[in-house]
Asks: 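Just passing along the structure, written as C-alpha cells.
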Amino acid sequence: MNITTSSIIFLLTGVPGLEAFHSWISIPFCFLYVTALSGNSLILFAIITQPSLHEPMYYFLSMLSTTDLGLSMSTLVTMLGIFWFNAREITFNACLFQMFFIKLFTVMESSVLLTMAFDRFVAISNPLRYATILTDSRIVQIGVAIVIRGTLMLTPMVALLKRLSYCSSHVLHHSYCYHPDVMKLSCTDTRINSAVGLTAMISTVGVDSVLILLSYVLIIKTILSIASPEERKKAFSTCISHIGAVAIFYIPLISLSFVHRFGQQAPAYVHTMIANTYLLIPPVMNPIIYSVKTKQIRRAVIKILNSKEA
C-alpha cells in the first residue's frame, strides 16, 4: 500500500533490545549534549568578547563552534525525546527538515576544516602576507560560500525524497532521520536518490578530505624546508589542534560507513549506538582540544570563567 508523503508519520528507534534501559542510557547522552553546547558556546563567547582573539585563525574556530552547535541541536530533541518520553513519532516534513540540517552542518564542518587547513598553510608558508590574504571581508565571503555550497548540494538530495512512495513500514532505525534509512522504506526505485546523495557527499566531504590531505602535504613540505629545528617545532605545533579536529570528524564518519557496509552481523544496538555517538563526538571534543592545545583560547576561557566566579 502506498501512502502520500503529507500524511506519513515515521517512527524513530532508540536502542533496540535495550528499551528498558533508555532512562539510564540518556544520562551519558545528556552529559555529552551539555558538554557540547556549553563548550562551544564558551569558545564562541570568548572569541566574540576578547579583542586578542580577533584574528583569522579564531574566526574560523568560531565557525567550527557554530557548526558544532548546529549539529548538536539538530539531533537533541528527537534523541532525548526517545530516551526520556519514548516520543518516537516524527512527521515526514519534520524528518526532511532534520535530515537537511544534520547533513548541512556535517558538510559545513568539513568545509570549515578545509578552510582551517588553508589558513594554517598560508600562516606557515607565507606569514608576511597572512593578514593581507585573509582579510575580514574575505573571511565573511568564505563563511557565506560555505553555507551556500552546503545548501545547493544538499537541497536536491532531500527534496528528491518527496517524489518517492512509501510502503506500510515506517520504522526508521536511528534516533534521528538518516538519508539512507528513509530511502530503505520506499517501495519505488531509489537509484536516482542514491546517485544524487552519493554525488553530494563525494563532492563535499570527499573532496574536502582530499584537499585537507593535500594541504598537509604542502604544510609538511614547507615545515621541512625551515632550517631551525625550533622554528619547525613551533610551526608544526600550530597545526596540532586542527589535526585533532580533522581526526575526530573523519574517523567516526568512516567508522560508521564501515559498520553499515560490513557489520551486518553485529547486534542492532551496536549500529544504533555508533550512529548516535558519531554526530556528538566532534561537538564534544573540539572545544576540549582547542582549549587544551591552544594557549590563547585556554587563557580567554579561564579569564571568562574567573570573571563569572568573581
Asks: Quick one: does W84's side chain get under 4.5 Å of H22's, heavy atoms only?
Replies: no

Asks: Taking the six-membered ring for Trp, are Y178 and H174 parallel (under 30°), tilted (30 to 60°) or perpendicular (over 60°)?
Replies: tilted

Asks: A side-chain contact here means heavy atoms from C-beta on lying under 4.5 Å apart; do F31 and T35 qualify?
Replies: yes

Asks: So if you build clusters from Ile, Leu, Val, Met, Phe, Trp, Tyr with side-chain heavy-atom gaps below 4.5 Å, do L32 and F83 land together?
Replies: yes

Asks: How far does OG1 of T115 sit from CD1 of I212, to the nearest 0.5 angstrom?
Replies: 8.5 Å

Asks: For the side chain of S62 and the backbone of Y59, is there at least one donor-acceptor N/O pair under 3.5 Å apart?
Replies: yes

Asks: Answer yes if L253 and V207 sit in the same cluster of Ile, Leu, Val, Met, Phe, Trp and Tyr residues linked by side chain heavy atoms under 4.5 Å apart, and no otherwise.
Replies: yes

Asks: Only counting residues at least two apart or in another chain, list the ones meeting salt bridge (Lys or Arg N to Asp or Glu O under 4.0 Å) with R191.
Replies: D189

Asks: What are the two closest heavy atoms between L53 and A46, and how far apart are they?
Replies: CD1-O, 3.7 Å

Asks: Are any non-hydrogen side-chain atoms of L42 and P287 less than 4.5 angstrom apart?
Replies: no

Asks: Using modelled atom types only, decide if a donor and an acceptor are shared between the side chain of S307 and the backbone of I304 within a distance under 3.5 Å.
Replies: yes

Asks: Calculate, to the nearest 0.5 Å, the distance between atoms OG and CG belonging to S72 and L37 respectively.
Replies: 5.0 Å

Asks: Side chain of Y176, backbone of A275: donor and acceptor closer than 3.5 Å?
Replies: yes

Asks: Would you say Q141's side chain and I139's backbone share a donor-acceptor pair under 3.5 angstrom?
Replies: no

Asks: Can you tell me how far the CZ atom of R120 sits from the NE2 atom of H242, to the nearest 0.5 Å?
Replies: 9.0 Å

Asks: Between H54 and T49, is there a donor-acceptor pair closer than 3.5 Å when you use the side chain of the first and the backbone of the second?
Replies: no

Asks: Report the C-alpha separation of L172 and C95 in whole Å, then their side-chain angles, then the decisive distance to 0.1 Å, and conclude whether the side-chain contact (heavy atoms from CB on, under 4.5 Å) test is met.
Replies: CA-CA 10 Å; L172 298 170; C95 187; 4.1 Å; yes

Asks: Just by modelled atom types, is the S38 backbone N or O under 3.5 Å from a matching donor or acceptor in the S41 side chain?
Replies: no

Asks: Is the shortest side-chain heavy-atom distance between I142 and F60 below 4.5 Å?
Replies: yes

Asks: Going by heavy atoms in the side chains, are Y166 and V182 under 4.5 Å from each other?
Replies: yes

Asks: Would you indicate whether the side-chain heavy atoms of F105 and D68 approach each other to under 4.5 Å?
Replies: no

Asks: Is a side-chain donor or acceptor of S203 paired with a backbone partner of A200 at a separation under 3.5 angstrom?
Replies: yes

Asks: Name the one of T67, T66, L64 that satisfies side-chain contact (heavy atoms from CB on, under 4.5 Å) with M108?
Replies: T67

Asks: Give the intermediate values and the outcome of side-chain contact (heavy atoms from CB on, under 4.5 Å) for residues M157 and V196.
Replies: CA-CA 6 Å; M157 182 187 81; V196 170; 4.1 Å; yes

Asks: Just verifying a value: how many Å separate I90 CD1 and I9 CD1, rounded to the nearest 0.5 Å?
Replies: 9.0 Å

Asks: What's the verdict on ring-ring contact (aromatic ring centres under 6.0 Å, His included) for F97 and F101, showing C-alpha distance, side-chain angles and the deciding distance?
Replies: CA-CA 7 Å; F97 189 76; F101 280 102; 4.8 Å; yes

Asks: Please report the closest heavy-atom contact between H173 and T272, naming both atoms and the distance.
Replies: O-OG1, 3.9 Å

Asks: Does one hydrophobic cluster hold both V107 and L213, with members joined at side-chain heavy-atom distances below 4.5 Å?
Replies: no

Asks: Is the count of non-hydrogen atoms from other residues, nucleotides or ligands lying under 6.0 Å from R149 atom CZ greater than 12?
Replies: yes

Asks: Of all heavy-atom pairs between I82 and A87, which one has the smallest distance, and what is that distance?
Replies: CG1-O, 3.6 Å

Asks: Kindly say whether T13 contributes a backbone atom to a donor-acceptor pair with the side chain of S175 at under 3.5 angstrom?
Replies: yes

Asks: Does L218 CG have over 12 foreign heavy atoms under 6.0 Å away?
Replies: yes

Asks: Side-chain contact test, heavy atoms from C-beta onward, threshold under 4.5 Å: evaluate it for T294 versus Y58 and give yes or no.
Replies: yes

Asks: What orientation do F92 and F10 show, parallel under 30°, tilted 30 to 60°, or perpendicular over 60°?
Replies: tilted

Asks: Which atom names give the shortest non-hydrogen contact between T151 and T155, and what distance separates them?
Replies: O-OG1, 2.6 Å

Asks: Does any N or O in the side chain of D119 come within less than 3.5 Å of the main-chain N or O of P56, such that one atom is a donor and the other an acceptor?
Replies: no

Asks: Any side-chain heavy atom of S241 within less than 4.5 Å of one from N286?
Replies: no

Asks: Can you establish whether the number of heavy atoms outside Y216 located under 6.0 Å from its atom OH is more than 12?
Replies: yes

Asks: So which heavy atom on T222 is nearest to which on S225, and how close?
Replies: O-OG, 2.5 Å

Asks: Distance check, rounded to the nearest 0.5 Å: E55 atom CD versus L134 atom CG?
Replies: 11.5 Å

Asks: What are the two closest non-hydrogen atoms of S110 and Y250, and how far apart are they?
Replies: OG-OH, 3.0 Å

Asks: To the nearest 0.5 Å, what is the distance between CG (L71) and CD1 (I102)?
Replies: 7.5 Å

Asks: Would you sort out whether T106 and L279 count as a side-chain contact (heavy atoms from CB on, under 4.5 Å), showing the intermediate values?
Replies: CA-CA 8 Å; T106 301; L279 290 176; 4.2 Å; yes

Asks: Same cluster for V122 and I240 if Ile/Leu/Val/Met/Phe/Trp/Tyr side chains link at under 4.5 Å?
Replies: yes

Asks: Using the side-chain contact (heavy atoms from CB on, under 4.5 Å) definition, which of the options L161, L185, L164 pairs with T190?
Replies: L164

Asks: Using the side-chain contact (heavy atoms from CB on, under 4.5 Å) rule, take R88 and V171 through it: C-alpha gap first, then chi angles, then the decisive distance, then the call.
Replies: CA-CA 9 Å; R88 296 178 58 200; V171 178; 3.9 Å; yes

Asks: Going only through I, L, V, M, F, W and Y residues with side-chain contacts under 4.5 Å, is there a path from I251 to V246?
Replies: no

Asks: Could you check whether any side-chain N or O of S186 sits under 3.5 Å from a backbone N or O of M183, counting only pairs where one atom can act as donor and the other as acceptor?
Replies: no

